[in-house]
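Structure, as structure tokens:
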Amino acid sequence: MTVRIGTRASKLALTQTQQTADQLAAVGGFPVELVHIRTDGDVLTGSLSQMGGTGVFVAALRDALLRNECDVAIHSLKDLPTGAAVGLSLAATPRRVDVRDVLCARDGLKLADLPNGARVGTGSPRRAAQLRAARPDLEIIDIRGNVDTRLGRVPGLPGNTITDVVPGKSCDLDAVVLAAAGLERISRLDTVSEFLETDVMLPAAGQGSLAIECRTADAPARPGSAEGSRDVLAQALSALDDPDTRLAVTAERALLARLEAGCAAPVGAYAFRKGSMLYLEAVVCAVDGTASVRDKRATDGLTEVGATLLGIELAEVLLAAGAADIADLQAS
């Protein structure tokens with residue numbers, strides 16, 4: 001049996017898919033084959049929010065699963081819509097890596113050192129809002145493109161090969177903000193001038209995590225469920241699932257779902273387990289950075305139900321504090 005693994009064809013997607021495929025093959029003892037799937041997010045131009053948010057990277061992969069063109073699909077979990085996909089299951093959440101956002105700035109500058117009016121690129125309303133809150137004087141530029149393209153907008157970064165200033169294309173920004181996880185996976189952490197701690201910038205729900213989806217009939221059998229499989233693929237998927245990561249992302253995604261937050265909503269969320277407790281902190285920001293609602297909660301209910309309830313509880317706290325009044329939570 002050869003397991004077909006669906007992936008986008010970007011450098012980052014291929015890298016993280018190949019790493020996961022190698023782990024699946026090692027655990028399951030079966031050969032694997034990568035199937036490249038072209039998504040709307042790879043074809044359409046314009047800002048991510050105008051295209052319908054991060055879900056544009058997921059739909060084509062899900063369709064390929066349902067058409068039996070692949071057996072599993074690998075996503076960046078932060079791209080995965082919170083709503084259930086009929087016929088598909090989140091089969092595994094491998095161990096999470098660094099959740100932080102990072103600043104990649106010219107001359108090794110840190111956020112506090114950027115000059116007044118510095119131009120900083122990001123395609124994320126969440127990052128833009130928190131950048132404006134921390135540094136209202138910055139000019140935030142909406143950018144798109146793969147990781148290498150974004151890094152190419154900043155002059156002098158290690159690994160950049162273009163030195164010509166071309167507005168909108170290369171060497172025209174003072175800095176960009178990206179996810180540490182993606183840079184780590186493609187070995188470009190040498191471009192980072194500062195890791196932005198979560199007290200400055202809370203990450204997106206699921207950031208730093210991968211999601212392995214498959215057809216529900218092929219997924220590992222879940223406790224108390226009659227659905228699922230116990231074949232070799234299901235066993236391998238179960239072995240890759242990290243329980244603490246699943247608890248954390250379950251809480252974060254439950255918060256998003258209760259907020260009814262779209263893919264482009266300026267919402268940050270980070271959960272982690274420490275000892276016998278699961279902690280969750282979240283923020284909802286005005287896009288212009290002038291207002292925010294931030295709070296945290298914890299639970300000793302270390303089950304998926306407990307994590308879900310934690311996310312709902314914190315979402316209710318944020319809504320009661322006026323989160324829906326300061327941000328367009330349905331933005332997509």
Side-chain angles (χ1 to χ4, degrees), residues 53-54 75-84 90 92-102 124-127 129-130 133-134 179-181 195-211 222 241-286 291-331:
T54 52
H75 312 282
S76 292
L77 202 147
K78 65 183 177 65
D79 294 343
L80 209 61
T82 55
L90 180 53
T93 53
R95 183 178 295 277
R96 193 176 209 172
V97 297
D98 197 334
V99 304
R100 291 175 295 178
D101 292 297
V102 294
S124 160
R126 171 191 61 83
R127 290 175 180 145
Q130 293 183 90
F195 288 84
L196 300 174
E197 300 300 332
T198 55
D199 59 341
V200 174
M201 185 170 293
L202 273 176
Q207 187 161 309
S209 303
L210 297 179
R222 307 291 297 169
D241 191 57
D242 180 65
D244 287 353
T245 297
R246 185 177 282 269
L247 285 176
V249 300
T250 296
E252 294 164 9
R253 288 165 59 76
L255 176 130
L256 285 189
R258 177 61 191 91
L259 291 175
E260 299 181 4
C263 293
V267 178
Y270 175 44
F272 61 95
R273 179 180 174 178
K274 185 175 182 180
S276 61
M277 301 292 290
L278 179 66
Y279 298 88
L280 174 62
E281 184 170 9
V283 66
V284 177
C285 306
S292 66
V293 177
R294 184 174 183 137
D295 216 320
K296 61 180 73 173
R297 288 293 185 274
T299 183
D300 59 0
L302 301 181
T303 64
E304 287 189 56
V305 171
T308 299
L309 292 175
L310 176 63
I312 293 171
E313 177 190 0
L314 184 52
E316 297 283 4
V317 170
L318 296 176
L319 289 170
D325 298 325
I326 67 168
D328 179 9
L329 292 176
Q330 277 72 51

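Heavy-atom basis, side chains included; hydrogens, waters and symmetry copies ignored.
- Smallest separation of non-hydrogen atoms from P203 and T198: CD-CG2, 4.0 Å.
- Counting only heavy atoms from C-beta outward, the side chains of R126 and M201 approach each other to under 4.5 Å.
- No side-chain heavy atom of L280 sits under 4.5 Å from any side-chain heavy atom of R297.
- The distance from atom CD of E316 to atom CG of D295, rounded to the nearest 0.5 Å, is 13.0 Å.
- A search for side-chain contact (heavy atoms from CB on, under 4.5 Å) contacts involving D242 returns R95, D244, T245, not counting sequence neighbours.
- Scored by the side-chain contact (heavy atoms from CB on, under 4.5 Å) test, A211 finds H75, L77, L80, L90 as partners (sequence neighbours excluded).
- No side-chain heavy atom of V200 sits less than 4.5 Å from a side-chain heavy atom of Q130.
- Closest of all the heavy-atom pairs between L302 and G275 is CD1-O, 4.2 Å.
- L329 places a side-chain heavy atom less than 4.5 Å from the side chain of L319.
- Taking Y279 as the reference, F272 meet the ring-ring contact (aromatic ring centres under 6.0 Å, His included) condition, with sequence neighbours excluded.
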Tabulate below the donor-acceptor pairs under 3.5 Å that side-chain atoms of residues 304-314 make, not counting sequence neighbours, or state none.
{"residue": "E304", "atom": "OE2", "partner": "R222", "partner atom": "NH2", "Å": "2.2"}
{"residue": "T308", "atom": "OG1", "partner": "E304", "partner atom": "O", "Å": "2.8"}

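- Scanning for side-chain hydrogen bond (donor to acceptor under 3.5 Å, both in side chains) contacts around D325 gives an empty result, with sequence neighbours left out.
- Considering all non-hydrogen atoms of both residues, A180 and V102 come closest at CB-CG1, 3.7 Å.
- Heavy atoms only, all atoms of each residue included: A271 and A248 are closest at O-CB, 3.3 Å.
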Might you work through the side-chain contact (heavy atoms from CB on, under 4.5 Å) test for T82 and R253, ending with a clear yes or no?
CA-CA 6 Å; T82 55; R253 288 165 59 76; 4.2 Å; yes
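- D241 and T93 form a side-chain donor-acceptor contact under 3.5 Å, judged by distance and modelled atom types alone.
- Of the N and O atoms on the side chains of Q207 and D101, at least one donor lies less than 3.5 Å from an acceptor on the other residue.
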For side-chain contact (heavy atoms from CB on, under 4.5 Å), just list the numbers for L318 and L255, CA-CA rounded to whole Å, side-chain angles, deciding distance to a tenth of an Å, and then say yes or no.
CA-CA 10 Å; L318 296 176; L255 176 130; 4.2 Å; yes
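- For A291, the side-chain contact (heavy atoms from CB on, under 4.5 Å) partners two or more places apart in sequence, or in a different chain, are A286, I326.
- When all heavy atoms are compared, the tightest approach of R127 to A179 is NH2-N, 3.3 Å.
- Smallest separation of non-hydrogen atoms from V97 and A181: CG2-CB, 3.6 Å.
- Within the 4.5 Å cutoff, the side chain of L202 has heavy atoms near those of the E281 side chain.
- Donor-acceptor pairing under 3.5 Å is recorded for the side chains of R96 and S209.
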